[in-house]
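Data first, discussion second: the structure below is written as structure tokens.
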Amino acid sequence: MAKIGINIATGSLQKKEIIVGIDLGTTNSLVAIIHPDTKQPVALKEHNSSSLVPSIIYFDESNNTIVGEQAKQHLLTDAKRTIFSVKRLMGKSYKDVSGHSTSLAYKIIDDETESLLKVQVGNKFYSPIELSSFILKELKSRAEHILKTPVNKAVITVPAYFNDTQRQATRNAGKLAGLDVLRVVNEPTAASLAYGIGLHKDDHKTIAVFDLGGGTFDISILKIANGIFEVLSTNGDTYLGGDDIDEAIKKYWINTLGIDANAENEKQFVTELRLKAEDAKKYLSDHDSYESELDSHALTITREVLEDLLNPLILKTLASCTNALKDAGVEKNSIDEVLMVGGSTRVPAIKNAVSIFFGKAVNDSMNPDEVVALGAALQADILAGNNKEFLLLDITPLSLGIETMGGLMDVLIPRNSKIPNKISRQYTTQKDGQGSIKIAVYQGERDLVKDNRKLAEFSLKGIPGMPAGLPKVEVSFLINADGILVVAAKELRSGVEQSIEVRPQYGLSDEEVEGMLLASITHAKDDIATRALLEAKTEGEQLLETTEKFIQKNILFLEPREMVQTAEAIQALQLALTMNDKDLIHTKIEDLNNISRPYAERIMDQAVARAMQGKII
Ligand code: AMP
């Protein structure tokens with residue numbers, strides 16, 4: 001039965017709030033929703049126009065912004081004020097993009113005081129988050145105009161390889177645009193949903209998502225089981241796409257026409273030639289040859305010639321596919337589906353090559369420009385509670401934990417755990433009267449925190465004075481659906497608490513994750529030995545501390561023989577601790593325990609007896 005909300009304050013009926021799916025792309029962006037009547041995802045568009053909004057922002061002289069097709073016109077006429085490819089800059093520092101910034105016509109600022117880069121337009125500076133928010137604002141207002149209802153909630157897609165910083169930046173861009181970003185979803189996951197893969201709990205599949213857009217290429221291998229989408233590997237080239245094909249056709253014409261492309265008087269011609277090249281490329285996806293004219297030069301190209309020009313690009317993408325399969329540890333013939341995403345997969349030669357490579361027909365029935373946004377809309381619908389059958393989960397690529405005594409890694413959320421997730425564990429203090437406890441959060445598979453990656457650190461302060469071991473500090477890790485971690489610590493006896501959101505400045509690249517996993521395997525034996533030694537040392541040190549304290553307090557009740565024996569055993573243990581010999585430490589711990597146990601028991605019994613004497617039964 002459908003439910004209708006009633007606003008108690010006004011008595012009015014509440015329309016079910018719409019949640020849109022947004023593909024915030026490098027070249028183009030678009031919005032999709034689930035159609036209220038057909039219940040199918042559809043990309044939003046005004047009559048007779050494209051659903052694609054070029055991800056381009058133009059700033060006029062007063063720094064007012066224009067986004068989309070109109071802004072694109074300014075790429076040629078006012079390049080310094082026309083910003084494109086903002087997605088490449090999300091969550092990046094100047095250093096990260098320094099190799100490529102020369103290819104951008106606009107100005108990137110290296111502000112030493114801020115680690116994240118900014119773009120200069122006129123006399124103003126904009127962060128990639130602000131720039132992306134302009135695109136999102138435009139998408140929001142288009143959607144509102146088409147749907148005639150306010151749009152405040154969205155699901156936004158990001159590449160699978162985006163790290164925490166980039167995901168958080170995307171989320172913040174949404175916030176800045178007035179959108180509550182309910183979830184940040186991986187693009188290949190969205191594409192898979194749009195193809196109906198993973199929509200049912202009993203879907204068990206391994207899929208390859210081949211995404212070739214205008215300027216970027218990604219290949220992702222995903223495992224889908226029990227409603228969980230696991231990204232096994234990603235590979236690709238952030239500077240490879242349809243633009244390279246346009247460039248190759250342009251060069252081909254320049255050569256055949258015998259033009260000096262660097263001559264000042266040919267600049268305009270070459271720029272227009274580039275636009276013709278894109279027309280030709282698109283035309284040749286459905287025809288065998290292309291003919292046109294520019295400034296009375298005949299422009300022709302056949303599909304056969306184009307295919308020769310495409311060869312280097314195709315080989316590069318297939319090399320990435322091979323690497324992705326290798327990283328995922330998956331054989332080609334275990335891939336159940338190959339999904340085609342991105343406008344450039346319309347090129348028949350590319351489709352054929354991919355299908356030959358994987359040895360199976362590719363899934364190309366959906367519009368490759370829209371498929372990611374359509375998947376985002378499906379995800380939005382699930383979040384809106386309209387589709388309660390399934391819950392979409394992602395998993396953590398590396399273990400998360402905290403540092404415990406001796407620099408050991410205590411894992412709270414193991415690698416490959418489902419997201420969202422919450423786990424709590426209790427810890428205590430080491431010293432009497434310890435007023436604060438340090439919580440250092442690490443990511444990685446190694447036993448020692450020094451070999452893992454530190455994500456954050458904070459102190460739980462204000463713990464009231466208590467003997468060591470008495471405070472109960474509960475540390476909880478909460479990973480929300482976007483993979484953002486919140487760590488909280490609470491001393492349960494006093495109620496003192498503190499929490500932080502872990503937002504590492506830079507997340508890990510896939511290579512780094514892979515490297516850390518490999519290291520954990522290579523060093524597994526060393527790690528076990530080191531962990532055992534550290535545990536023995538910690539135990540030995542604690543025993544020394546408690547024994548010394550006990551003796552100080554009870555010196556009057558000890559016999560001289562016991563004092564001498566204890567002092568000797570303490571010395572022997574101290575020596576063993578300096579020798580880094582786990583077995584020796586254990587032996588000396590046992591020796592000291594054997595010597596102290598009899599008198600400790602005797603003294604305790606006497607104390608109990610003394611306490612009992614004063615009581616009337
Ligand atoms: P995207 O980034 O996914 O929007 O893809 C845009 C790229 O797809 C651009 O390089 C377009 O030129 C290219 N593209 C769009 N339509 C076609 C087509 N019919 N044939 C070949 N390439 C196309």
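Just follow the structure's listing: the first ligand is 1, and inside any ligand the first atom is 1. Predicted, not measured: the structure shown is a model, and the values here were computed from it.
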#### Entry: Presence of salt bridge, Arg142 and Glu138, under 4.0 angstrom
yes

### Task
Verify the neighbour count for atom CG of Asn48: are there more than 12 heavy atoms of other residues, nucleotides or ligands below 6.0 Å?
no

### Message
At less than 4.0 angstrom from any non-hydrogen atom of Thr27, what atoms of ligand 1 do you find?
### Response
2 (O)

### Query
Quick one: which ligand 1 atoms are inside 4.0 Å of a heavy atom on Val347?
21 (C)

### Message
Is it the case that over 12 heavy atoms from other parts of the model lie below 6.0 angstrom from the NZ atom of Lys137?
### Response
yes

### Query
How about Gln70: does its CD atom have over 12 heavy atoms from other parts shown lying under 6.0 Å from it?
no

### Task
Scan side-chain atoms only and decide if Thr234 and Ser220 contain a donor-acceptor pair under the 3.5 Å cut-off.
no

#### Entry: Which of the ligand 1 atoms, numbered from 1, are nearer than 4.0 Å to a heavy atom of Asp369
1 (P), 3 (O), 4 (O), 5 (O)

### Task
Name the closest protein heavy atom to atom 10 (O) of ligand 1, giving the residue it belongs to and the distance to 0.1 Å.
Lys281 NZ, 3.1 Å

### Query
For atom 3 (O) of ligand 1, what is the nearest protein heavy atom, given as residue, atom name and distance?
Gly343 N, 3.0 Å

### Message
For the 3.5 Å polar cut-off, considering only N or O atoms, please tell me whether Gly213 and ligand 1 meet it.
### Response
no

### N or O pair under 3.5 Å between Gly214 and ligand 1
yes

### Message
Tell me whether Gly241 reaches ligand 1 (any heavy atom closer than 4.0 angstrom to a ligand atom).
### Response
no

### Message
Side chain or backbone, does Asp246 bring an N or O within less than 3.5 Å of an N or O on ligand 1?
### Response
no

### Query
Is it true that Lys316 and Asp237 make a salt bridge, defined as a side-chain N closer than 4.0 Å to a carboxylate O?
no

### Message
Give the atom numbers and elements of ligand 1 that come within less than 4.0 Å of a heavy atom of Gly342.
### Response
3 (O)

## Note on the structure
At under 4.0 Å between heavy atoms, what of Ser285 touches ligand 1? The answer is side chain

### Message
Return the closest protein heavy atom for atom 4 (O) of ligand 1 as residue, atom name and distance.
### Response
Asn28 ND2, 2.9 Å

### Message
Judged on heavy-atom distance to atom 11 (C) of ligand 1, which of Glu370, Glu278, Arg346 sits nearest?
### Response
Glu278

### Query
Should the pair Glu61-Arg81 be classified as a salt bridge under the 4.0 Å nitrogen-to-oxygen rule?
yes

### Message
Take a 6.0 Å sphere around CD of Glu293 and say whether it holds more than 12 heavy atoms from other residues, nucleotides or ligands.
### Response
yes

### Task
Evaluate the ring planes of Tyr58 and His74, with Trp represented by its six-membered ring, and classify them as parallel (under 30°), tilted (30 to 60°) or perpendicular (over 60°).
parallel

### Task
Under 4.0 Å from a heavy atom of Gly242: give me the atoms of ligand 1 that qualify, with their elements.
10 (O)

